[in-house]
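These numbers come from the heavy atoms of this one structure, side chains and all, not from hydrogens, waters or symmetry mates. We count residues from 1, following the sequence as given.
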Amino acid sequence: MTNRLDNPLQNSAVKSRQIAFFAAFVLPVYKLLETPSLLARFAKGDLLVPAFLHFVVQAALLSLLVYAASRSETSLFERLNARLGKWSALVYALLALYFLCIAVLPLLDLEKFVYAVFYDTSPTVFSFAAFFIFAAFACTKGLKTVGRSADLSLFLFLPAFLLLVAMSFPATKPDNLLPLFGESAKSTLDAFAYTTPHFADAVFLLPLIGNLRYQKGDGKKIVVGYGVGAAFVLVFLCVFFGLYSTIAPREHYAFSKIAQYFPVLSIVGRIDLIFVYMLCVVLFFYVAAPLQYTVYFGAKIAHTTRKTSISAIVCFGAFLFVLFCNKHYNAIYALFCETLFPVFLFLSIGLPVACMLFNHKENRNA
């Protein structure tokens, strides 16, 4: 029987439905911020091609993850503990470090976005601190809060996204996307490479799937959920480039702007901002998730269920990073997207593939 002391956070397990909802309604929202303008910058009118390639690769890696999870009644992390024993702490330390790195761009993007959309006047340097209070509280609650946020995101993301797209559709010119495959293969590959940090989706779901005690049909739910989220992003990219065409690379935080050309808004005012705020709540869930993962793995290393101190250290450190490094936003973005993209590409593929090492049959009651 699995020793509870070896798995102090087993009660953080989430349901397959929640993982599917997270893939469908939380993962897409971050890709509506800077990713469209980055794709348009490198791939121009062919921005759908590198995005589609990313989704195909990530769907294949996600399928590997759920296959590995399906091979035993015990979770992947339980099998890792059983196989590696005390050395599993090293794996958890590497994962904690990875998710700290993954959190960098979303944190900087969220800060810039909040200041650009929520404030008409110049905000103070501490205006963004409220997010870290929310994140610190979420981090103390374990991964179950990630699952609950996924359930809530269904009612926030879906109506807001569909209404924003519907409001922007009359001003969209689909022929801006033509001709398909009109750019060089180099442009497509550059766009694929330089947006790799924004598409590490399989690894982003790894902590959730790693705690899943697989039941029949769970894998299909998760993969279908991811496919739904990918479809949302591809539809948004079509609308985005259909609206902005050649100026698309300059249009940042597009989901806060795309509906502003809806004719009715000139009469009733910017009611589209209601839906933007709904998406922002989902965005908060997304950006908090890597910090929650870091605290989760930190607690596993310490063999404790008390995460308050770890949460305070991680979230306060993240706050100081944003406070002092936001002035270097462009340099950090270039470092992650144009210099370190091979590292992110290697890890986004390597970590799910490595989980296949733990796909052996093992009964939890053995």
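- With a 4.5 Å cut-off on side-chain heavy atoms, Tyr244 and Ile247 count as touching.
- Arg148 is linked by a side-chain hydrogen bond (donor to acceptor under 3.5 Å, both in side chains) to nothing, counting only residues two or more places apart in sequence or in another chain.
- Partners of Leu80 under the side chain to side chain contact (heavy atoms under 4.5 Å, CB included) rule, at least two apart in sequence or in another chain, are Leu84, Ser88, Val91, Tyr92, Phe358.
- Legend: residues meeting ring-ring contact (aromatic ring centres under 6.0 Å, His included) with Phe42, ordered by chain and number and at least two apart, are Tyr194.
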Original post:
Between Tyr296 and Asn211, does a side-chain contact (heavy atoms from CB on, under 4.5 Å) hold up when you go through it step by step?
Top reply: CA-CA 11 Å; Tyr296 167 77; Asn211 275 288; 2.7 Å; yes

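- The minimum heavy-atom distance between Ser75 and Arg213, with the atom names listed, is N-CG, 4.3 Å.
- Residues satisfying the ring-ring contact (aromatic ring centres under 6.0 Å, His included) criterion with Tyr333, sequence neighbours excluded, are His198, Tyr329.
- In terms of the ring-ring contact (aromatic ring centres under 6.0 Å, His included) criterion, residue partners of Phe255 (sequence neighbours excluded) are, by chain and number, Phe113.
- Between Phe232 and Phe157, the angle of the ring planes lies from 30° to 60°, which puts this pair in the tilted group.
- Under the side chain to side chain contact (heavy atoms under 4.5 Å, CB included) criterion, Pro352 pairs with Leu61, Leu65, Ala202, Val203, not counting sequence neighbours.
- Note: Phe131 and Phe284 have tilted aromatic rings, judged against thresholds of 30 and 60 degrees for the angle between ring planes.
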**OP:** Take Tyr115 and Asn326, measure what side chain to side chain donor-acceptor pair (under 3.5 Å) needs, and give me the verdict at the end.
**Re:** CA-CA 12 Å; Tyr115 287 169; Asn326 59 358; 5.7 Å; no

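- Residues passing the side-chain hydrogen bond (donor to acceptor under 3.5 Å, both in side chains) test with Lys186 are Asp190, sequence neighbours excluded.
- Using modelled atom types and a 3.5 Å distance limit, the side chains of Asp272 and Gln260 yield no donor-acceptor pair.
- Applying the ring-ring contact (aromatic ring centres under 6.0 Å, His included) criterion to Phe241, with sequence neighbours excluded, gives no partner residue.
- Considering only residues two or more places apart in sequence or on other chains, Thr195 meets the side-chain hydrogen bond (donor to acceptor under 3.5 Å, both in side chains) condition with His54.
- Scanning for side-chain hydrogen bond (donor to acceptor under 3.5 Å, both in side chains) contacts around Tyr226 gives Asp201, with sequence neighbours left out.
- Listed by first then second residue, pairs satisfying salt bridge (charged side-chain N to carboxylate O under 4.0 Å, His left out) with a partner in residues 238-248 number zero, not counting sequence neighbours.
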Could you tabulate the donor-acceptor pairs under 3.5 Å formed by side-chain atoms of residues 159-180, not counting sequence neighbours?
from	atom 1	to	atom 2	distance (Å)
Ser168	OG	Leu164	O	3.1
Ser168	OG	Val165	O	2.9
Thr172	OG1	Ser168	O	3.0
Asn176	ND2	Gly242	O	2.8

